[in-house]
Protein chains: 2
Amino acid sequence: MAAETPTMAFAPAHPGAILREDILPNIGMTVTELAAHLGVSRQALSGLLNERRSVSLEMAQKLGQAFQNGTRFWLALQMQHDIWWAERGEAPRVAPIEWHEDDAA
Amino acid sequence: MAAETPTMAFAPAHPGAILREDILPNIGMTVTELAAHLGVSRQALSGLLNERRSVSLEMAQKLGQAFQNGTRFWLALQMQHDIWWAERGEAPRVAPIEWHEDDAA
DNA sequence: TCGCGTGTAACGTTACGCGTGACAGGTTTT
DNA sequence: AAAACCTGTCACGCGTAACGTTACACGCGA
């Protein structure tokens, strides 16, 4: 797999993209209805769908319950996305610290 | 594996705990020195070590560079920790939405 | 035309990571 | 004993970000 590869060709999908492209078309609900169902504002869901907001812990919980794929699925998706972009910008550049793993159990 | 198990016996270690117990004792640096090395305030590092703050994206980048284990290591640790606690509190409780995966490629 | 779904901007609230300044207790060094 | 250092923690202000509410605009189908 390529998860640990330093440079990926393109950014991992934003959670909102997954929701918009893979899920929304298959549940027969409008954005307004889904928002109400999740217990969030229509704007909050819209912002996520259009990738203007990140998936928060609370949002991840709600999505995970609604679609039965758990909190971790959505949060990991967001993390993946964040890391990719973080590695593009100017990294803080910290000098490595040489150290040895502790062999004690 | 037990990662997806609904209920784990105890909480995954806080990132600060890993840093405090596994790393700090093996690098021969004081908290003050490490903070300076990372380019963060002593208070910020102290808060993390004592598990009063979470690992931010920026902090994860710095730790990952310093200890050569990457941003993802620290961020995933924090995520694991957050999820565990989120599942303990009162979940938002959202009704499941039945849906079918899209079979189209 | 009217109603509905959607995107978006503006405003205030809340939460949190962070830096700086400051104080206290403990340990080491002189 | 006194000075120097390490560490934890509190207070303050700042910047950022998610969220709800209100409001406006556009598109589409009835």
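The basis for the numbers below is simple: all heavy atoms, side chains too, and nothing from hydrogens, waters or symmetry mates.
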Assert: residue with more 5' nearest nucleotide on DNA chain D, out of B:Thr32 and A:Ser56, is B:Thr32
B:Val40 has its side chain closest, among C:dA9, C:dG19, D:dT9, to C:dG19
So CZ of A:Arg72 and CD of B:Glu87: to nearest 0.5 Å the spacing works out to 8.0 Å
Separation of C:dT6 atom C1' from A:Leu45 atom CG, nearest Å, is 11 Å
* **Any side-chain heavy-atom pair of A:Thr71 and B:Asp82 under 4.5 Å** => no
The answer to which of B:Gln43 and A:Ser41 contacts DNA chain D further toward the 5' end, by nearest nucleotide, is B:Gln43
When rounded to the nearest 0.5 Å, the distance separating CD of A:Gln61 from CG of A:Leu75 is 9.0 Å
Review point. Think A:Arg42 has a side-chain N or O under 4.0 angstrom from the OP1 or OP2 of C:dG7?
Key: no
Checking C:dT20, C:dT8, C:dT6 against the side chain of A:Val31 (C-beta onward), the nearest is C:dT6
Between CG of B:Leu49 and C1' of D:dT7 the distance, given in whole Å, is 10 Å
Remember a base hit wins even if backbone is also touched, and classify A:Thr30 as base, sugar-phosphate or nothing at under 4.0 Å, heavy atoms. sugar-phosphate
Using a cut-off of less than 4.0 Å, is there contact between a side-chain N or O of A:Ser46 and OP1 or OP2 of C:dG7? yes
Testing C:dG17, D:dT7, D:dA18 for proximity to the side chain of A:Ser54, the answer is D:dA18
Between CD of A:Gln78 and P of D:dA17 the distance, given in whole Å, is 12 Å
For B:Val94 and A:Leu38, the nearest pair of non-hydrogen atoms, with its separation, is CG2-O, 3.8 Å
